[in-house]
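Residue numbering restarts at 1 for every chain, and letters A, B, ... go by the order of the sequence lines. What you see is a predicted model, and the numbers here were worked out from it, not measured in a lab. Reckoned from all heavy atoms, side chains included, excluding hydrogens, waters and symmetry mates.
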Amino acid sequence: MNNIIGIFENLYQRNITILPKTFYLQDTFNIAEDLLGKLIVHYEGHNTTAGRIVEVEIYIGKCDKASHAYRFGKTKRTMVMFERGGLAYVFNVHKYNQFCVVTGEKDHPDAILIRAIEPVYGVEIMKNRRKTENLIKLGSGPGILCQSLNITKKLYGIDLASPNSELFICDDYFIFKKDEIIKTKRIGINYAQEYIHVPWRYYLKNSPFVSVL
DNA sequence: CGGACGATTCTCT
DNA sequence: GAGAATCGTCCGG
């Protein structure tokens, strides 16, 4: 194997399957459930890091008053959400980066925010980046996980389904039961009126790595 | 070009 | 659990 996926598979010593482009064109709520337990990999040679997704939030472009696509329309920042699913939306809030997976067909600007990961690979590198030994503090928050995985705006628009992308999402056959998915209201969107209380935050029950309990 | 503010985090209490 | 830090975006002049 000569591509980045193959190189990572050797490093990781476990079989993986990259999520294909078609995965990101399904219904956004289904994608959100299926992203839980999957692995985000940032390939950077000796600084490669990876984490398991344990918490996500859904943002529906057409109607959702919390969604950047709904609030601002197509701007330089939000543009990528209007492309086809499978691309990375990296943006800034306060001084921190956050990372979303774009879903749906072109001009269907849904996105799924990755809110928490469990550190899985390159943990020492993550500790150095975050300047802490505490594993919980390597993944429990959308800005925090971007620091750990070194996700910056250089990765804006990158194709998460390409076997040669330095940022991709894959399946490593992590097993959990559907009834371990908890659905609650989203965090930090108190301006979103009737969408404040919709249960569009999904996380894995009993995971110590989620951002807020 | 300036003002307002946020898909947050950290550091106290 | 409250308050400050702090800066990129967006929008109105």
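Side-chain N or O atoms of R52(A) include one that pairs as donor or acceptor with a backbone N or O of G37(A) at under 3.5 Å. With R186(A) contributing its side chain and I58(A) its backbone, the two residues share a donor-acceptor pair below 3.5 Å. Side-chain N or O atoms of S148(A) include one that pairs as donor or acceptor with a backbone N or O of L138(A) at under 3.5 Å. Between the side chain of Q147(A) and the main chain of R129(A), no donor-acceptor pair closer than 3.5 Å is present. Between the side chain of S165(A) and the backbone N or O of D159(A), at least one donor-acceptor pair lies under 3.5 Å. Under the 3.5 Å distance criterion, the side-chain polar atoms of H68(A) are left unmatched by any main-chain donor or acceptor of T78(A). For D110(A) (side chain) and I60(A) (main-chain N/O), no donor-acceptor pair under 3.5 Å exists by modelled atom type.
Within 4.0 Å (heavy atoms only), R115(A) reaches sugar-phosphate atoms of the nucleic acid but no base atom. Contacts of Q98(A) with the nucleic acid, taken as non-hydrogen atoms under 4.0 Å apart, include base atoms. Among the heavy atoms of the strands lying under 4.0 Å from R130(A) are primed sugar atoms or P, OP1, OP2 only; no base atom is included. Y89(A) comes within contact range of at least one nucleobase, with a heavy-atom separation under 4.0 Å.
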Contact list (N/O, under 3.5 angstrom) for nucleotides 8-10 of chain C vs protein:
{"unit_1": "dG8(C)", "atom_1": "O4'", "unit_2": "N92(A)", "atom_2": "OD1", "d": "3.2"}
{"unit_1": "dT9(C)", "atom_1": "OP1", "unit_2": "K153(A)", "atom_2": "NZ", "d": "3.0"}
{"unit_1": "dT9(C)", "atom_1": "O3'", "unit_2": "R77(A)", "atom_2": "NE", "d": "3.3"}
{"unit_1": "dC10(C)", "atom_1": "OP1", "unit_2": "T75(A)", "atom_2": "OG1", "d": "2.5"}
{"unit_1": "dC10(C)", "atom_1": "OP1", "unit_2": "R77(A)", "atom_2": "NE", "d": "3.4"}

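Remark: R14(A) is not positioned above the aromatic ring of Y173(A), lacking an NZ or CZ atom under 6.0 angstrom from the ring centre and at most 45 degrees off the axis. Within the cation-pi definition used here (under 6.0 Å to the ring centroid, within 45° of the axis), R71(A) qualifies as a partner of Y191(A).
Base pairing in DNA chain C yields stems of at least 3 consecutive Watson-Crick or G-U pairs, both distances under 3.5 Å, namely B:1-6 with C:7-12, B:8-12 with C:1-5.
With a glycosidic angle no further than 90° from 0, dA7(B) counts as syn.
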Stepwise side chain to side chain donor-acceptor pair (under 3.5 Å) check, Y59(A) with E57(A): CA-CA 7 Å; Y59(A) 291 86; E57(A) 277 179 1; 2.6 Å; yes

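For DNA chain B, the outermost nucleotides in 5' to 3' order that have an atom under 4.0 Å from a heavy atom of chain A are dG6(B) to dC10(B).
Y96(A) places its OH atom 10 Å from the P atom of dC7(C), with the value rounded to the nearest Å.
Two residues are said to be in side-chain contact when any heavy atoms from C-beta on lie closer than 4.5 Å; Y24(A) and I169(A) meet this criterion.
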